[in-house]
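Written out below as structure tokens is the structure these notes cover.
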Amino acid sequence: MTGSPRADVPVADGGALPRWVGPVSLAARLGGRARRARALHTHGLVLTGRWEPAPDVQDPWPRTGSDVVVRLSRGVSVTSRGPDLLGLAFRRVAADGFDVLMSSCAGAGPLLRVPPAPARSWGSATYSTLAPYQVGPRWTWLLASASGTATAGASTDHDRTRGEATVSLSAVSRDGRHDVATLTVTPDPTVEVESFDPVTHHPTDAVLAPRWLGAVREAAYSGSRRGSGRVDQGA
């Protein structure tokens, strides 16, 4: 298993972006340069395991199992103490693979899943993509929760984190909420994930919406890459 970008999917290189998102790219570039790493979610815990689809999973989410790489991260703080904006990113490692970035949020409700919100541990947080995917005529958000001994705290130190983690994924839209998959993973210090790019590496027939927000996010990823020296990598 590898955490590197897949050869069959083009990796974003920062390309031509609208001029009005330039300040976003600049801010992220300065943040990345200051930390000599990604501007936010600098430190992370990598876990590897399996994606197992829910029995009633609906399009566009895959119906087959695959390897998966998960990264749990702290958004701002460089320590493991106190609440923080927690990140949950994962890559489905398969021919139909894709990347997803999620953040801890206030809850699963329509007004709660959009703004990021701090949490004290991986297991106590509700995670959301914060922005929806355009799936046919509807907008669909991905939500997640984590459990297991590996999620008891919010440490990014592999030496202090033991056991298994289970990440439960669900999708919510105006048509309701349904289960997507279960990710069963364990901490894996042998795998290093440099980047995730959900704007370029998205599920088939599902792209981040609205399009202007995708441009803002890609500008932030591009700026962070350039500032940290990871020009050829995703965010």
Side-chain angles (χ1 to χ4, degrees), residues 5-6 8-25 27-28 38-41 51 57-62 68-71 73 75 85-94 96-106 108-117 125-144 167 169-175 177-178 180-181 183 193-225 230 233-235:
R6 302 172 301 280
D8 58 314
V9 179
V11 177
D13 61 2
L17 293 168
R19 291 182 179 179
W20 56 267
V21 298
V24 176
S25 181
R38 50 170 60 86
L40 296 175
H41 297 277
W51 165 297
V57 62
Q58 301 176 19
D59 291 338
W61 316 112
V68 68
V69 178
V70 173
R71 185 177 188 265
S73 60
L85 297 177
L86 302 182
L88 189 159
F90 67 85
R91 170 171 297 150
R92 177 178 158 86
V93 184
D96 60 351
F98 51 84
D99 293 350
V100 170
L101 291 182
M102 312 179 84
S103 174
S104 55
C105 61
L111 299 180
L112 301 179
R113 59 178 176 252
V114 176
T126 296
Y127 301 90
S128 167
T129 48
L130 302 184
Y133 286 90
Q134 184 76 48
V135 180
R138 67 185 186 279
W139 282 5
T140 299
W141 279 258
L142 269 186
L143 302 175
V167 179
L169 298 175
S170 60
V172 60
S173 70
R174 65 188 182 192
D175 296 330
R177 183 172 176 175
H178 65 272
V180 171
L183 314 183
V193 183
E194 291 290 342
S195 59
F196 292 89
D197 190 340
V199 176
T200 300
H201 304 158
H202 56 79
T204 303
D205 298 327
V207 296
L208 287 170
R211 292 189 179 276
W212 65 263
L213 183 57
V216 170
R217 295 181 72 166
E218 184 58 28
Y221 302 156
S222 174
S224 179
R225 287 195 296 271
R230 298 174 300 121
Q233 299 292 338

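Side chains included, hydrogens not; waters and symmetry mates left out as well; all remaining heavy atoms used.
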Handout entry: Test side-chain contact (heavy atoms from CB on, under 4.5 Å) applied to S170 - qualifying residues, sequence neighbours left out
Key = L143, R177, D179

Problem - Side-chain heavy atoms of L169 within contact of F90, under 4.5 Å - result: yes

Fill in the blank from the handout: All heavy atoms of V180 vs all of V57, minimum pair found to be O-CG2, 3.5 Å

Handout entry: Atom of R174, atom of P137 and distance for their closest heavy-atom approach
Key = NH2-O, 3.8 Å

Exercise for the section: Report the distance from atom CZ of R113 to atom CG of L142, rounding to the nearest 0.5 Å. Expected result: 11.0 Å

Exercise for the section: Would you check if L88 and V167 make a side-chain contact, meaning some heavy-atom pair closer than 4.5 Å? Expected result: yes

Problem - Side-chain (Q134) to main-chain (G136) donor-acceptor, under 3.5 angstrom - result: yes

Practice task
Kindly compute the distance separating CG (L85) from OG (S73), expressed to the nearest 0.5 Å.
Solution key: 10.0 Å

Handout entry: Heavy-atom check, side chain of P198 versus side chain of V100, under 4.5 Å
Key = no

Problem - Minimum heavy-atom distance L112-A108, with the two atoms named - result: CB-N, 4.5 Å

Fill in the blank from the handout: Residues at least two apart in sequence or cross-chain that pass ring pair (Phe, Tyr, Trp, His ring centres under 6.0 Å) with Y133, listed by chain then number, are W61

Fill in the blank from the handout: Scanning both residues in full, the closest heavy-atom pair of A106 with A117 reads N-CB, 3.6 Å

Exercise for the section: Answer yes or no: is there a donor N or O on one side and an acceptor on the other, between the side chain of S128 and the main chain of L130, under 3.5 Å? Expected result: yes

Practice task
Quick one: which residue pairs count as a salt bridge (Lys or Arg N to Asp or Glu O under 4.0 Å) with a foot in residues 127-141, not counting sequence neighbours?
Solution key: R138-D175

Fill in the blank from the handout: Here the pair of heavy atoms bringing W141 nearest to A131 is NE1-C, 3.7 Å

Problem - Sub-4.5 Å side-chain heavy-atom contact between S195 and H201 - result: no

Exercise for the section: Compare all side-chain heavy atoms of L208 with those of H202 and state whether any distance is below 4.5 angstrom. Expected result: no

Exercise for the section: Check whether any side-chain heavy atom of Y127 lies under 4.5 Å from a side-chain heavy atom of L86, and answer yes or no. Expected result: yes

